[in-house]
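Heads up: the structure comes next, in structure tokens.
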Amino acid sequence: MNGEVGDVRPAVSGWAPARLERATDTVGFEEFYAASFRGLATQLYVYTGDLDLAHDLVQEAFCRALSRWSKLVEYDDPTAWVRRVAFNLANSRWRRAKTAVQYLLKQRVEHVEGPSPDRVTAVAALAKLPDAQRRAVVLHYLGDLSVADIATQEGVAIGTVKSWLHRGRAALATHIGAEVKEGNDV
Amino acid sequence: MSEFERDDLVGAVLTDVSREVSGHIRPLGAQAAVRTVRRRRRQRTVAGGVLAAALIIAPLTGLALANNGPNPSPTVGTGTSTSPSMVDVPPQGSPGPSGPPASSDAPAIPASELRNGTLPIAAWPTYPSTPTRCETGQVKFTDGKAGSDEYLWMEGQPLQVDIDGDGGKESVVHLYCRMAQTGYSRVVVFDRTADGGIRNVGTVLTTVWAKDDGKEPAKIWEIQVTDNGQIRIDVGDYEVCCGGDPNLSQHQWRTYGWNGTGFVQIGGPWTFPPNLNRVELSPTAGELTMVRQPDGQWRGTLRVTVRNAGQLRANPILYVRLPAGIMTASLDCALLNGPAQCSLPAVEAGASTTVDLVLTTTANPAGQAEIRVYDNVARDSKEDNNTVTVTVKAS
């Protein structure tokens, strides 16, 4: 008596499993991710010089944000938390070692189509900055963080940040100016 | 170059770089983060030891595990607390030295944990005359059995399937709740909670018991899961008890899926066809006249004919409820709290059998006798003609 007989209705067409509602409250997370990822990834790229790594770092930071989203969503600026995590990840001891090596290696590799000469120049110039100065420059110019905010994130005095920015600007101007001059000389 | 000129220069350069790079940013997506977090929770819970060992060999693509501590200040773990893969989607570029990232089909709850864990069990159906003794609520299982009296247990091993297509696998468990000589079968899905516990996602199917409507399954033969998250169940229209041939039940594959709020049938038949493996018993009885005997007793003979109109050989049992004081002297009958229960010879399909029940009493025998016939094992395809009433006369 085996066999599928009886009242056989058509199978539910186009059925697809629905997502389980998780205990984790993720309300608003997708919107937050969509609004913040690109800007943060750009900052991390400029800081590390590695587009793949920037993607990974920011994605990881968002994963951590999701793990504590119910608390984070109440923060005034959740993006600041994610950015700080992403930079901390980039600065962690083993990551820093890897980043330093990869930073130089990546300069010889095209990760995206057709990097402009200006971008190559800028990234090469940034690579020559000490980490702290590079971080301060990125946070200030790309993250729109004030000196005070950078000082808070970095856990240093405001004067220290000012010093980093001053030295970083000077070094970048020199490197970029030299690159431009060399380019013009050719 | 003044400080202001440097500021303008650096700002302009970085803005240009940012604008150019922004077009090459490819967010992996919030759902990828959800999958990663979920996978890590599972891994932390079910494979912490193994994971810890693997983490020491942190691949270059790895990063620290999520920090779930109470400190709101974000921190970064050291190299010994990294996961094999930061995200559970392929990274851009070649995989690291440890190979491709971990598969998104993270391990489900191990079978041993389910069979020896405390599981949330939904209430069982109620049946008026036979209250269930199966546990509900948070029920502790030991080797797949619940409680000391073992009214509730797991059938077979749990299956794992990704019911909601998110890359993680849930566990499909077949529970059996014993009721008399058969019982309820239930297919239920369990999943991890955020804190590593076990939660009841929902019931896929609970069979009916002592009910035969030709629609609801009364037996579960087999459970399968599919790659697309569906649960296929080979169901039967009734569960044969008492040593009968289990194959008297029919088979049907019905398919179920998760719709966001519960499990619904999404394929296969909704009802059973007529089951030809059934008896169709009906009794007829002649008049019953109790005659006063010289010793003062009353004696009479009740002739009962049982016809089997079904297509299956029957093993009929007569259930005879007599007026108070009347007893049967027939050898094949036994008193059952007043009524007599009499086993009859087998009746082939389409055949009949007749028995004479010798009855005695010392009291006035007037009243009604009710004779009901049923099969010892097989279902009766027509249960509204199984009873006949006889008026008992005295002379």
Side-chain angles (χ1 to χ4, degrees), chain A residues 1-9 11-12 15-20 22-24 26 29-30 33-34 37-38 41-42 45-46 51-52 55-56 59-60 62-64 66-68 71 81 84-85 88-89 92-95 98 112 115-116 118-119 122-123 137 141-142 166 169-170 172-173 176, chain B residues 1 6-7 9-11 13-14 16-18 20-22 24-28 30 32-34 36-37 60-61 63-64 66-68 72 74-76 78-79 86-87 91-93 163-166 191 193-194 201 229 250-253 257-260 266-273 275 277:
Chain A
M1 293 305 297
N2 295 355
E4 297 193 355
V5 290
D7 176 17
V8 183
R9 305 178 198 175
V12 178
W15 180 88
R19 291 293 166 87
L20 276 176
R22 299 295 171 193
T24 304
T26 61
F29 179 78
E30 289 203 26
Y33 181 102
F37 187 97
R38 194 174 299 276
T42 300
Y45 163 70
V46 174
L51 193 56
D52 290 345
H55 278 89
D56 288 351
Q59 184 73 10
E60 171 62 19
F62 272 105
C63 288
R64 298 185 181 200
L66 180 60
S67 295
R68 55 187 307 117
K71 294 179 181 176
W81 192 94
R84 189 170 178 181
V85 169
N88 283 349
L89 288 168
S92 63
R93 284 179 297 174
W94 69 273
R95 172 59 61 183
K98 173 187 180 258
V112 294
S116 68
D118 287 348
R119 193 177 105 205
V123 170
V137 166
Y141 288 98
L142 297 182
H166 173 75
R169 276 194 291 260
L172 280 175
I176 293 171
Chain B
M1 185 180 290
R6 289 173 186 161
D7 184 53
L9 172 65
V10 172
V13 167
L14 291 183
D16 288 345
V17 171
S18 172
E20 181 182 340
V21 171
S22 179
H24 298 285
I25 299 296
R26 299 284 184 267
L28 300 178
V34 171
T36 300
V37 170
L60 292 179
T61 55
L63 275 183
N67 173 22
N68 290 320
T75 57
V76 177
T78 64
M86 283 201 298
V87 294
Q92 302 171 33
I163 61 165
D164 61 342
D166 73 342
D191 191 22
T193 60
V201 175
Q250 299 185 97
H251 290 253
Q252 275 186 348
W253 282 101
W258 174 257
N259 70 356
I266 58 173
W270 266 256
T271 63
F272 291 98
N275 188 335
N277 289 326

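Labels below follow one simple rule: chain letters A, B, ... track the order of the sequence lines, proteins then strands, and each chain is numbered from 1.
At least one donor-acceptor pair under 3.5 Å links the side chain of A:His55 to the backbone N or O of B:Arg26.
If you measure heavy-atom distances from A:Ala34 to chain B, you find no contacts under 4.5 Å at all.
Closest non-hydrogen pair, A:Glu30 versus B:Ala30, comes out as CG-CB, 3.6 Å.
In terms of the side chain to side chain donor-acceptor pair (under 3.5 Å) criterion, residue partners of A:Tyr141 (sequence neighbours excluded) are, by chain and number, A:Arg169, B:Asp7.
With a 4.5 Å cut-off on side-chain heavy atoms, A:Phe62 and B:Val37 do not count as touching. Side-chain atoms of B:Leu14 and A:Val46, non-hydrogen and from C-beta on, do get closer than 4.5 Å to each other.
Ranking A:Leu142, A:Thr42, A:Val137 against chain B, the residue ahead of the rest is A:Thr42, based on heavy-atom pairs under 4.5 Å.
Atom OH of residue A:Tyr45 and atom CD1 of residue B:Ile25 lie 9.0 Å apart, to the nearest 0.5 angstrom.
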